[in-house]
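I have placed the structure first, in the form of structure tokens, so that the comments after it can refer back to it.
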Amino acid sequence: MSAFFNSNPNEFHRADGSGYELWIESVLKLDSINTHVASRLARAMDHWRDYEPGRSALMFKALTKVASTPTLSRAVREIVEKALVSS
């Protein structure tokens with residue numbers, strides 16, 4: 001999964017946002033199994049502000065959806081919240 005998010009930009013950053021939906025599902029599912037792996041996957045969105053406005057908006061939406069998950073681990077929450085406030 002990590003290879004898809006980090007090494008396949010054409011598919012991950014599809015204009016329809018389906019790659020970001022997959023990211024949400026993957027991070028949340030893995031967070032309940034292995035927080036360390038989920039944390040590494042969460043980092044795929046660290047530079048969301050560097051993309052064009054349409055994709056940035058979709059990435060922001062995905063980050064906020066993960067951040068609003070009440071059962072999110074502390075490790076993943078820290079990464080996602082840091083990404084949301086970073087420039």
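What's counted below: heavy atoms across the whole structure, side chains too, no hydrogens, waters or symmetry copies.
In this structure, Leu72 and Val66 approach most closely via the heavy-atom pair CD2-O, 3.3 Å. Nearest heavy atom pair, residue Arg49 against residue Leu84, reads NH2-O, 2.7 Å.
Atom CG of Leu41 and atom CG of Asp31 lie 10.5 Å apart (nearest 0.5 Å). To the nearest 0.5 Å, atom OG of residue Ser68 and atom CZ of residue Arg77 are 8.0 Å apart. Taking CZ of Phe12 as the reference point, atom CE of Met59 lies at 5.5 Å (rounded to 0.5 Å). Atoms CE and CD1, on Met45 and Ile79 in that order, are 13.0 Å from each other to the nearest 0.5 Å. Rounding to the nearest 0.5 Å gives a distance of 14.0 Å between CG of Asp50 and CZ of Arg55. Atom NE2 in His13 sits 9.5 Å away from atom CG in Asn8 (nearest 0.5 Å).
Although no hydrogens or angles enter the test, the distance criterion places a donor-acceptor pair under 3.5 Å between the side chain of Thr64 and the main chain of Lys61. With Asn6 contributing its side chain and Ser2 its backbone, the two residues share a donor-acceptor pair below 3.5 Å.
In this view, Asp16 and Ser18 satisfy the side chain to side chain donor-acceptor pair (under 3.5 Å) rule, not counting sequence neighbours. Phe60 meets the ring pair (Phe, Tyr, Trp, His ring centres under 6.0 Å) test with Trp48; sequence neighbours excluded. For Glu81, the side chain to side chain donor-acceptor pair (under 3.5 Å) criterion is met by no residue, not counting sequence neighbours.
The shortest distance between side-chain heavy atoms of Tyr51 and Leu58 does not fall below 4.5 Å. Counting only heavy atoms from C-beta outward, the side chains of Trp23 and Val27 approach each other to under 4.5 Å.
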